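Just below is one structure, and these are the notes that go with it.
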Amino acid sequence: MVVSSLVTCSSSSTTSIFYVLPSNSDPPYKLLQSHPYLNLLSQCNSINTFKQIHSHFIKTGLHNTLFAQSKLIQFCALSPFGDLSYALSLFHSIPQQQQQLNHFIWNTIIRGHYLTLSPISSLQTYTLMLESGVVPNSYTFPFLFKSCAKTKATHEGRQLHAHVLKLGLHSDAHVHTSIITMYARVGELDDARLVFEKSTLRDAVSFTALITGYISMGYVDDARQLFDEIPTKDVVSWNAMVAGYVQSSRFEEALACFKGMQKANVPPNQSTMVTILSACGHLGEIELGNWISSWVRDHGFGSNIQLTNALIDMYSKCGKVEKARELFDGVKDRDAISWNTMISGYSCKGFYEEALALFDLMLRSNITPNDVTFLSVLPACACLGALELGKWVHAYIDKKLKSTSNASLWTSLIDMYAKCGCIDVAEQVFRSVDCRSLASWNAMISGYAMHGHAERALDLFSEMVDEGFQPDDITFVGVLSACTQAGLVDPGHQYFNSMIQVYRISPKLQHYGCMIDLLARAGKFEEANFLMRNMEMEPDGAIWGSLLSACRVHGNVEFGEYVAERLFQLEPENPGAFVLLSNIYAGAGRWDDVARIRTKLNDKGMKKVPGCTSIEVDGVVHEFLVGDKFHQQNENIYRMLNEVDKVLKEAGFVPDTSEVLYDMDEEWKEGALTQHSEKLAIAFGLISTKPGTTIRIVKNLRVCGNCHSATKLISKIFNREIIARDRNRFHHFKDGFCSCNDCW
DNA sequence: CTAGGGTTAG
């Protein structure tokens with residue numbers, strides 16, 4: 001509709017290009033500008049105050065002057081305290097004859113529509129303006145072009161461009177630049193360049209408009225070439241270039257550009273610093289970050305919310321999360337970005353409980369969360385196993401953010417459900433997503449893999465390929481780990497080879513890691529060793545660790561000693577390697593060696609990472625450490641533990657004590673085993689949920705053989721499904737069996 | 001009396 005009316009108006013306007021000379025009876029502007037009531041308007045900060053001022057205008061007869069009317073309309077249409085519909089009713093109360101005399105009012109209404117996020121109404125107002133016989137001037141066009149840019153109205157933009165040429169306004173600097181910006185923003189770079197090159201107007205502003213276009217399309221190097229041609233670069237052109245590098249993740253170059261700016265003696269401003277802080281965060285450049293922090297303080301920008309948000313982001317990305325929180329707490333008027341930045345800071349650095357606590361505070365403070373919020377909250381739910389909260393977020397997204405077609409959000413939901421043990425719900429979400437992204441396929445495949453559903457993972461991989469998706473390196477991490485979890489040696493080899501030969505993906509350390517783990521678990525230590533020696537990179541701690549753990553399963557003391565020695569060299573501070581080796585010795589009954597390792601550990605002052613299991617009950621996450629006695633319900637939990645042990649004993653359960661680190665007497669070992677964190681969490685689950693309810697727990701370490709056997713029996717005797725996530729994968733315990741088939 | 005280019009969270 002806009003298109004056709006523009007076309008008709010454009011032809012009619014060609015026949016009527018003449019300017020109506022102002023012939024109204026307004027007093028001279030100077031006289032009115034100093035009128036006390038007009039000064040009142042500039043200080044007005046609410047619509048009620050405005051109405052009072054308006055009534056004064058009426059009482060004094062001032063409202064009959066076109067100038068006063070235009071000022072009233074200006075306030076209503078443009079002020080954040082204004083009201084566009086009020087502006088429109090004022091506008092319509094002006095007789096058409098009078099309207100025709102005044103460009104200012106039309107231009108203001110067009111701008112008002114643009115500001116109230118209704119750019120189409122701007123264009124419609126423009127057509128009304130033409131129909132009324134008013135000839136647009138150079139002030140009319142910039143906001144029209146901005147409106148076209150915002151709605152990607154390329155066709156309308158071209159027509160407006162034609163109008164500008166017919167009216168001879170193309171040599172006006174403002175109009176000229178806004179045309180370049182329009183073409184650049186709708187993605188018509190060639191046209192933007194053409195307009196730029198045809199004109200002799202080549203100042204920093206028009207250059208920067210074009211440069212920004214190139215940057216937004218990802219052509220940063222072309223942008224740089226243009227940038228170097230700018231005769232005198234001002235602060236905005238420098239800012240655009242610096243931001244260009246940041247937006248394309250070229251952070252070092254952003255900092256280099258910033259140095260160039262300082263060398264050129266162009267003082268940075270707040271925009272510069274916001275952008276540079278982002279680069280500092282990504283690079284971990286805390287020193288420059290600190291310097292900017294002082295700059296902000298010294299320039300009196302301490303209460304600038306954008307700068308403070310950028311500082312919060314920089315500090316948390318550099319690992320100074322507490323410093324970030326201090327800044328956050330000091331902000332008076334936090335905006336949504338402040339909250340999201342802080343949550344994100346916690347979540348990215350692994351402070352999941354803090355992230356969720358802040359999210360809770362955010363909701364209590366009546367701040368509306370958005371998709372960015374949930375992209376931090378969902379991974380925290382996933383890692384903590386906070387399923388109830390995750391479900392709440394899902395419902396919220398369904399209700400309020402359904403229109404947000406943010407693909408990452410659905411991927412995060414799939415990942416959250418998978419990691420919280422609900423693989424079937426993860427699948428439902430996956431199936432319900434309209435526009436599946438590569439990431440969502442990857443999340444689903446990895447989800448199946450960590451639940452030990454190798455077949456479903458591999459089927460999904462085929463389905464994905466059939467639908468024309470090109471798998472990436474992350475896809476193959478999922479596929480290969482599915483093979484590893486299920487012990488599928490031959491298929492594992494086949495996928496590994498097809499990754500390299502068919503999909504031309506060069507294997508990364510993680511892929512080799514899966515293969516080495518797969519071979520070692522199958523007891524094929526020679527093959528595993530061969531692969532490790534022939535890969536292009538050095539094995540990391542995770543690979544040596546998986547080998548060591550396989551040695552423990554297969555009781556391979558000799559190779560285990562060799563592997564442990566490598567691991568000690570690589571990660572001297574990691575107690576896990578000592579613990580595993582000691583377990584290997586214990587399994588072989590070599591208690592002298594167990595003692596030797598223990599002494600080594602003590603000499604180094606290292607402590608085993610304490611086992612920790614969390615369980616969510618009624619939306620609250622409860623954490624249990626080994627031998628924890630600090631829970632509110634401690635007595636009831638231990639009463640339940642005794643009950644569990646009694647029932648297990650009656651069922652003929654004999655604890656296997658070979659995995660205990662220290663060579664103590666057998667009775668003590670048994671005592672220590674009963675206090676493993678997963679058993680505490682399960683006991684708490686048994687007393688605090690209804691009979692028959694599924695119990696879901698998350699453990700920070702791998703589950704030990706003893707707890708694994710015990711949990712299988714508990715699932716049968718207490719008739720509970722128990723879904724346990726350990727460091728490596730999921731275990732679904734049901735009716736005395738586990739989904740991992742005792743292989744993990 | 002109005003109008004052109006740059007800014008942060010994922």
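Since this is a predicted model, take the numbers as computed values, not measurements. So you know, we letter chains A, B, ... as the sequences are listed, proteins then strands, and number each from 1.
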Which one, [options], comes nearest to the side chain of [X]?
| X | options | answer |
| --- | --- | --- |
| A:Ser70 | B:dG4, B:dC1, B:dG6 | B:dC1 |
| A:Phe67 | B:dA9, B:dG6, B:dC1 | B:dC1 |
| A:Val236 | B:dG10, B:dG6, B:dA3 | B:dG6 |
| A:Asn102 | B:dC1, B:dT2, B:dA9 | B:dC1 |

So does [X] reach the base of [N] with its side chain, donor to acceptor, closer than 3.5 Å?
| X | N | result |
| --- | --- | --- |
| A:Asp203 | B:dG5 | no |
| A:Thr275 | B:dT7 | no |
| A:Asn340 | B:dG10 | no |
| A:Asp172 | B:dG4 | no |

When you measure from the side chain of A:Ser316 to the backbone N and O of A:Asp313, does any donor-acceptor pair fall under 3.5 Å?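 At least one qualifying donor-acceptor pair exists.
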For A:His174 and B:dG4, say yes or no: do the ring centres fall under 5.5 Å of each other while the ring planes differ by less than 30°?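 One would not call A:His174 stacked on the B:dG4 base.
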With the threshold set at under 4.0 Å for non-hydrogen atoms, list the residues of [range] touching DNA chain B in residue-number order.
| range | value |
| --- | --- |
| residues 252-268 of chain A | none |
| residues 176-188 of chain A | A:Thr177, A:Thr181, A:Arg185 |
| residues 302-326 of chain A | A:Gln306, A:Asn309, A:Asp313, A:Lys317 |
| residues 237-245 of chain A | A:Ser237, A:Asn239, A:Ala240, A:Ala243 |

Can you name the salt bridge (charged side-chain N to carboxylate O under 4.0 Å, His left out) partners of [X], sequence neighbours left out?
| X | value |
| --- | --- |
| A:Asp222 | none |
| A:Asp234 | none |
| A:Asp360 | A:Arg364 |
| A:Glu188 | A:Arg158 |

Taking only residues two or more places apart in sequence, or in another chain, which ones meet A:Leu356 in a side chain to side chain contact (heavy atoms under 4.5 Å, CB included)? A:Val377, A:Ala380, A:Cys381, A:Leu384, A:Ala386, A:Leu389
Would you say the side chain of A:Ile53 lies within less than 4.5 Å of the side chain of A:Phe75, judging by non-hydrogen atoms? no
Using the ring-ring contact (aromatic ring centres under 6.0 Å, His included) criterion, which residues pair with A:Trp410? Sequence neighbours excluded. none
Quick one: side chains of residues 345-353 of chain A, donor-acceptor pairs under 3.5 Å with protein atoms, not counting sequence neighbours, listed by atom name and distance.
| unit_1 | atom_1 | unit_2 | atom_2 | d |
| --- | --- | --- | --- | --- |
| A:Tyr346 | OH | A:Arg325 | NH1 | 3.2 |
| A:Ser347 | OG | A:Ser376 | O | 2.9 |
| A:Lys349 | NZ | A:Lys317 | O | 3.2 |

Among pairs that include at least one residue of residues 261-271 of chain A, which meet side chain to side chain donor-acceptor pair (under 3.5 Å), considering only residues two or more places apart or in two chains? A:Asn239-A:Asn269, A:Asn269-A:Thr272, A:Gln270-A:Asn304
